[in-house]
Undergrad: 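Sharing a structure below in structure tokens format, with a few things to ask.
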There are 2 protein chains.
Amino acid sequence: MLTSMEEREPERLPTATLILDVAERLLQIRGFNAFSYADIATELKMSKAALHYHFVGKAELGGELINRYTIRFVAALAALEARVSDAPARLAAYSDLYLALLLEQKMCLCGMLATDFETLPDSMHAGVVAFFDKNEEWLSRVLEDGIEKGALEFEETPSEIAWMIIGCLQGAMLIAKPYGDTSRFKSTASQLFKGLRAPAAKTSRSRAVK
Amino acid sequence: MLTSMEEREPERLPTATLILDVAERLLQIRGFNAFSYADIATELKMSKAALHYHFVGKAELGGELINRYTIRFVAALAALEARVSDAPARLAAYSDLYLALLLEQKMCLCGMLATDFETLPDSMHAGVVAFFDKNEEWLSRVLEDGIEKGALEFEETPSEIAWMIIGCLQGAMLIAKPYGDTSRFKSTASQLFKGLRAPAAKTSRSRAVK
DNA sequence: GTCTATACAGCGATAGAC
DNA sequence: GTCTATCGCTGTATAGAC
């Protein structure tokens with residue numbers, strides 16, 4: 001059951017879905033300006049013209065990629081929230097969503113688009129911002145809940161913490177790329193959340209001093 | 001006086017310097033795949049062929065941009081270290097280097113190249129990694145010094161904290177771009193360093209609970 | 001829906017004159 | 001050192017047949 005605020009992923013022709021799948025992967029690995037209709041066509045063994053039948057231009061394709069990615073990401077957050085009830089564990093699961101991308105050598109789709117932001121078609125700008133806003137909203141709710149239940153403790157507003165989490169995880173992914181490993185990402189993610197746990201909750205997960 | 005480990009920025013023809021200046025700005029704003037010899041030539045009112053006289057190809061130009069940027073960045077860190085003696089203040093000044101970029105709508109040059117990493121000429125890869133390594137080394141030294149002097153306190157290794165700082169600041173810049181403001185960056189940077197200050201030093205800068 | 005063929009702009013790069 | 005001219009290729013996008 002969907003609430004009025006959530007959006008449903010539109011039904012698509014099978015071919016359109018295949019195109020989005022390939023384009024999404026190329027975008028997350030190479031960036032918006034470093035993949036082409038030819039790349040997608042080659043991989044799917046289709047002509048470039050067939051792609052244009054499904055997606056008029058690259059700006060439209062990009063817009064649809066953002067929409068689908070955002071809908072799926074929001075759905076993953078809702079599923080995560082239903083599965084995990086403890087706020088610190090929810091934050092850890094949130095960072096695991098990013099870690100999963102990293103294991104496939106990918107960046108977050110909207111993180112990649114953020115670096116390409118100046119060169120994107122205007123029509124794609126709002127979608128990128130909306131993605132980050134939805135992340136901030138979800139994290140703020142989780143953080144607030146964690147405060148109320150006494151599992152989390154911090155001085156700043158939930159929104160400020162949320163932006164810190166989003167930025168730090170995106171940046172940790174960015175740094176991971178040239179090194180081709182996940183160790184820096186994992187270390188950063190765990191440090192990030194350690195400082196948010198309430199003293200009582202801290203003991204269960206804290207590490208020994210080296 | 002330079003130590004044996006530091007490199008000196010090579011003397012260049014005035015034109016070569018102008019080319020690097022323009023290319024650097026375009027790269028930091030648009031990314032490596034979203035600026036061209038034509039862009040630089042137009043801006044400098046020169047022909048593309050003249051650019052090729054100074055820099056054989058785009059890979060060489062990119063390599064020189066990384067080298068110059070790294071040398072200047074390392075020099076800025078050394079100057080900062082000479083000017084500021086307190087470890088927490090050094091960290092704040094470090095993040096101000098990034099903030100200064102953001103005020104010009106720029107990303108860190110190597111942060112931008114990290115997102116473009118998969119599509120870069122192989123010859124540019126090592127330079128990007130070297131830039132981040134130098135950042136890690138400098139930060140680790142500052143962090144270690146802060147521990148020894150009792151100004152900083154943390155459980156992880158200096159290296160782990162250093163990577164966290166680098167990643168979080170790069171990511172905070174990335175998030176700032178689509179929003180076109182510096183507020184999220186500033187908030188993240190201040191939170192980042194707050195958790196590292198030793199209790200005794202904390203009182204001087206801590207903020208009231210909202 | 002998919003194809004071939006093609007238009008047209010932009011790319012990095014080179015030749016050769018000045 | 002800088003130019004004009006041009007090459008070969010790739011980019012996005014379209015026309016029109018099937």
Side-chain angles (χ1 to χ4, degrees), chain A residues 10-66 112-113 115-125, chain B residues 10-66 112-113 116-125 127:
Chain A
E11 293 280 329
R12 284 185 202 281
L13 298 171
T15 308
T17 302
L18 286 175
I19 295 168
L20 287 173
D21 291 344
V22 173
E24 181 177 270
R25 200 189 67 251
L26 291 171
L27 173 50
Q28 288 184 257
I29 294 175
R30 303 171 57 88
F32 191 74
N33 297 307
F35 79 95
S36 68
Y37 269 52
D39 295 325
I40 304 169
T42 302
E43 194 161 330
L44 292 176
K45 297 186 170 73
M46 297 173 64
S47 65
K48 291 184 289 172
L51 303 184
H52 280 283
Y53 170 81
H54 293 281
F55 301 95
V56 185
K58 204 179 176 187
E60 288 72 24
L61 175 59
E64 303 263 26
L65 285 171
I66 296 171
M112 195 56 108
L113 292 177
T115 71
D116 293 332
F117 203 75
E118 257 73 33
T119 70
L120 294 181
D122 284 347
S123 62
M124 292 175 63
H125 285 161
Chain B
E11 293 279 330
R12 285 184 200 282
L13 299 171
T15 307
T17 302
L18 287 176
I19 295 168
L20 288 173
D21 291 343
V22 173
E24 181 177 88
R25 201 189 66 252
L26 291 171
L27 173 50
Q28 288 185 257
I29 294 175
R30 304 172 55 88
F32 191 73
N33 297 307
F35 80 95
S36 68
Y37 270 53
D39 294 326
I40 305 169
T42 302
E43 194 161 330
L44 292 177
K45 297 186 169 76
M46 297 174 64
S47 66
K48 290 187 291 171
L51 303 184
H52 280 284
Y53 170 82
H54 293 279
F55 300 95
V56 185
K58 205 180 175 186
E60 288 73 22
L61 175 59
E64 303 264 24
L65 285 172
I66 296 172
M112 194 57 107
L113 292 177
D116 293 332
F117 204 75
E118 257 74 31
T119 70
L120 294 181
D122 284 349
S123 61
M124 293 175 63
H125 284 161

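Model, not experiment: these values are computed from the prediction.
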Undergrad: Roughly how many Å is it from CG in B:D39 to C1' in C:dA9, rounded to a whole number?
TA: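 Rounded to the whole Å, the gap is 14 Å.
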
Undergrad: I need the OH-P distance between B:Y53 and D:dG1, as an integer number of Å.
TA: 4 Å

Undergrad: Phosphate oxygens OP1/OP2 of C:dC11: is one of them under 4.0 Å from a side-chain N or O of B:S36?
TA: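 The answer is yes; a side-chain N or O of B:S36 sits under 4.0 Å from OP1 or OP2.
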
Undergrad: Whole-Å distance between D:dT10 P and A:N33 CG?
TA: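 Taking atom P of D:dT10 as the reference, CG of A:N33 is at 18 Å.
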
Undergrad: Over how many whole Å does the gap from A:I40 atom CD1 to D:dT12 atom C1' extend?
TA: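 The distance from CD1 of A:I40 to C1' of D:dT12 comes to 12 Å, rounded to the nearest Å.
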
Undergrad: Checking A:Y37 side chain against A:G57 main chain: does a donor-acceptor pair fall under 3.5 Å?
TA: yes

Undergrad: May I ask you to test the B:L61-B:I40 pair for a side-chain heavy-atom distance under 4.5 Å?
TA: yes

Undergrad: Atom CG of A:L26 and atom P of D:dT12: how far apart are they, to the nearest Å?
TA: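 In whole Å, D:dT12 P and A:L26 CG are 11 Å from each other.
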
Undergrad: Between protein and nucleotides 14-18 of chain C, what N or O pairs are separated by less than 3.5 Å?
TA:
none

Undergrad: Select one nucleotide: of C:dG12, D:dG11, C:dT4, the one nearest the side-chain heavy atoms of B:Y37.
TA: C:dG12

Undergrad: Assign B:F35 to base, sugar-phosphate, or nothing according to its heavy-atom contacts below 4.0 angstrom with the strands shown.
TA: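 Since only primed, P, OP1 and OP2 atoms lie under 4.0 Å of B:F35, the category is sugar-phosphate.
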
Undergrad: Kindly indicate whether the side chain of A:F32, heavy atoms from C-beta on, has any atom under 4.5 Å from the side chain of A:P121.
TA: yes

Undergrad: Would you check if A:F35 and A:K58 make a side-chain contact, meaning some heavy-atom pair closer than 4.5 Å?
TA: yes

Undergrad: Short question: side chain of B:Q28, backbone of B:R25 - any donor-acceptor pair under 3.5 Å?
TA: no

Undergrad: How far does CE of A:M124 sit from CD of A:E64, to the nearest 0.5 angstrom?
TA: 11.0 Å

Undergrad: Measure from NE2 on B:H54 to P on C:dG12 and round the result to the nearest Å.
TA: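 Answer to the nearest Å: 17 Å.
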
Undergrad: Please report the distance, rounded to the nearest Å, between NZ in B:K58 and C1' in C:dG10.
TA: 12 Å

Undergrad: Rounding to a whole Å, what distance do you find between A:L51:CG and D:dA15:P?
TA: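 Checked: the CG to P distance equals 17 Å.
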
Undergrad: Can you tell me if A:T15 touches the phosphate of C:dG1, counting only side-chain N or O atoms and a distance under 4.0 Å to OP1 or OP2?
TA: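 False: A:T15 side-chain N/O out of range (4.0 Å or more) of C:dG1 OP1/OP2.
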
Undergrad: Which heavy atom in A:F55 sits nearest to a heavy atom in A:I19, and how many Å separate them?
TA: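 Heavy atoms only, the tightest pair is CE1-CG2, 3.7 Å.
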
